[in-house]
Amino acid sequence: MIEIAPSILSADFAHLADQVSLATKGGAAVVHVDVMDGHFVPNITIGPVVVKWLRKATQLPLDCHLMIENPDQYIPDFAQAGANWISVHQEACRHLDRSLQLIKSLGCKAGVVINPATPVETLSEVLDIVDYVLVMSVNPGFGGQKFIRNALAKMQRLSQLRRERGLNYRIEVDGGVDLQTVGEVVRAGAEILVAGNAVFGSGDPASNVRGLLQAAQEATLQRA
Ligand code: DX5
Ligand code: ZN
């Protein structure tokens with residue numbers, strides 16, 4: 001099943017609840033929350049306090065993408081604030097298995113994220129414990145960047161490995177997903193599509209989500 005996860009990074013932060021409810025009206029299934037610390041990535045965004053208020057503003061699952069150093073220190077705060085899904089970067093975790101187990105022990109779905117330069121093979125020992133794998137199709141830190149095409153082969157590889165190993169993690173893609181790229185990412189195997197600029201950058205977030213969802217659903221028909 002294809003789901004659109006609007007990234008609030010490109011939303012109007014002074015009207016977050018309204019922006020999320022517009023995206024929900026258009027068929028958004030998950031709210032993607034980009035957490036940046038100014039160390040792991042060169043930008044600073046939001047923390048658990050925003051998650052706490054978002055939790056009261058929407059029924060949708062909150063997908064917290066932690067682009068931070070030392071995520072173990074903050075995972076419990078995000079879970080406590082109401083995060084439903086929490087993902088950590090392979091590149092930021094010294095003890096990746098421990099971080100993923102921590103997320104699961106707090107009752108959240110656990111995801112692992114890889115940057116454009118990180119191979120899928122680095123995840124071989126954790127694929128059986130994650131609920132989802134997030135493939136970055138831009139270098140993390142900012143919205144509105146150009147899609148990096150090597151993500152496509154990585155998603156294909158993740159679908160293949162899932163089949164071969166009989167696993168059931170979901171495949172999420174993040175960065176540069178718009179009406180131009182949505183078909184390709186879906187055909188490559190992406191199931192959860194993060195979109196920031198394409199949803200909140202201009203126009204009506206509800207119809208933007210609707211348009212992406214429709215294009216994604218058409219592309220599933222052509223999926224191998
Ligand atoms: C980038 C973030 C993304 C970003 C995607 O560091 O992880 O979630 O908001 O934005 P777009 O869809 O604009 O590329
Ligand atoms: Zn993200």
Side-chain angles (χ1 to χ4, degrees), residues 2-13 16 19-20 23 26 28-47 50-51 54 60-69 71 74-75 78 83-92 103 108-118 130-152 154-155 170-186 190-203 205 208-209 211-213 215-216:
I2 300 288
E3 294 185 329
I4 306 291
S7 161
I8 58 166
L9 185 61
S10 297
D12 176 347
F13 274 74
L16 217 38
Q19 298 259 284
V20 168
V30 181
V31 178
H32 186 81
V33 180
D34 285 307
V35 177
M36 307 186 187
D37 66 352
H39 293 276
F40 181 67
V41 288
N43 196 3
I44 299 176
T45 55
I46 55 173
V50 175
V51 173
L54 266 180
L60 296 183
L62 300 177
D63 169 22
C64 292
H65 173 193
L66 304 189
M67 287 162 275
I68 62 177
E69 301 283 4
Y74 300 99
I75 286 166
F78 282 97
N84 305 89
W85 307 3
I86 298 179
S87 63
V88 290
H89 271 257
Q90 186 272 355
E91 305 85 1
I103 296 169
C108 298
K109 297 225 180 285
V112 65
V113 194
I114 47 174
N115 278 334
T118 304
V130 294
D131 295 295
Y132 60 107
V133 178
L134 172 49
V135 175
M136 290 307 300
S137 40
V138 296
N139 287 295
F142 303 95
Q145 301 183 81
K146 188 172 175 302
F147 183 80
I148 297 176
R149 303 188 56 82
N150 80 337
L152 296 169
K154 288 157 84 168
M155 292 184 274
R170 301 184 73 200
I171 302 171
E172 183 173 23
V173 61
D174 184 3
V177 174
D178 58 18
L179 285 176
Q180 270 67 55
T181 53
V182 66
E184 285 185 292
V185 299
V186 167
E191 297 145 334
I192 305 155
L193 316 181
V194 177
N197 198 47
V199 171
F200 295 113
S202 61
N208 291 341
V209 172
L212 285 170
L213 199 51

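Keep in mind that what you see is a predicted model, and the values were worked out from it rather than measured. Atoms within each ligand, like the ligands themselves, are counted from 1 in listed order.
For atom 1 (C) of ligand 1, the closest heavy atom belonging to the protein is Phe142 O, 3.6 Å. The protein non-hydrogen atom at the shortest distance from atom 12 (O) of ligand 1 is Gly196 N, 2.8 Å. Protein heavy atom in closest approach to atom 6 (O) of ligand 1: Gly141 N, 2.7 Å.
Every atom of ligand 1 is numbered from 1 in the order shown, and the set under 4.0 Å from a heavy atom of Pro140 is 6 (O). Residue contact check: Asn197 has heavy atoms under 4.0 Å from atoms 11 (P), 12 (O), 13 (O) of ligand 1. Those atoms of ligand 1 that come under 4.0 Å of a heavy atom in Gly143, given as number and element, are 10 (O), 13 (O). Below 4.0 Å from some heavy atom of His65 lie the following atoms of ligand 1, by number and element: 7 (O). Within ligand 1, the atoms closer than 4.0 Å to a non-hydrogen atom of Met36 are 6 (O), numbered from 1 in the order shown. Shown in contact with His32 at under 4.0 Å from a heavy atom are these atoms of ligand 1, numbered in order with element: 8 (O). Below 4.0 Å from some heavy atom of Ala195 lie the following atoms of ligand 1, by number and element: 12 (O). Close contacts between ligand 1 and Val194 involve ligand atoms 8 (O) [criterion: under 4.0 Å to a heavy atom].
Taken to the nearest 0.5 Å, the CD1 atom of Ile103 stands 11.0 Å off from the CZ atom of Phe78. Between atom CG of residue Leu134 and atom CE of residue Met155 there is a gap of 10.0 Å, rounded to the nearest 0.5 Å. How far CD of Glu172 is from CD of Glu191: 10.0 Å, rounded to the nearest 0.5 Å.
Side-chain atoms of Asn43 come within 3.5 Å of backbone atoms of Gly141 as a donor-acceptor pair (strictly under, hydrogens ignored).
Checking Ser137, Gly176, Ser87, Pro6 against atom 14 (O) of ligand 1, the nearest heavy atom belongs to Gly176.
Residue contact annotation: Gly144 has a non-hydrogen atom under 4.0 Å from ligand 1.
When Val33, Val30, Asn84 are each tested for a side-chain contact (heavy atoms from CB on, under 4.5 Å) with Asp63, only one passes: Val30.
Restricting Asp34 to its N, O or S atoms, the one at the least distance from the Zn ion (ligand 2) is OD1. If you look at His65 and ask which of its N, O or S atoms sits nearest the Zn ion (ligand 2), the answer is ND1. When distances from the Zn ion (ligand 2) to the N, O or S atoms of Asp174 are compared, OD2 comes out shortest.
Relative orientation of the Trp85 and Tyr132 rings is tilted, given thresholds of 30° and 60° on the angle between their planes.
In Ser7, the part holding a heavy atom less than 4.0 Å from any atom of ligand 1 is the side chain. Only the side chain of Asp174 comes within 4.0 Å of ligand 1, counting heavy atoms alone; its backbone N, CA, C and O stay farther away.
Here the closest heavy-atom approach between residue Ala216 and residue Val182 is recorded as CB-CG2, 3.9 Å.
In terms of N/O distances under 3.5 Å, ligand 1 is not approached by Gly175.
For the pair Asp12/Phe200, no side-chain contact is recorded, criterion being any heavy-atom separation below 4.5 Å from C-beta on. Looking only at side-chain heavy atoms (C-beta outward), Pro140 and His89 come within less than 4.5 Å of each other.
Residues Thr45 and Asp34 have side chains that never bring a donor and an acceptor to within less than 3.5 angstrom of each other. Using modelled atom types and a 3.5 Å distance limit, the side chains of Asn115 and Thr118 yield no donor-acceptor pair.
In Phe40, the CZ atom is crowded: over 12 heavy atoms of neighbouring residues, nucleotides or ligands sit closer than 6.0 Å.
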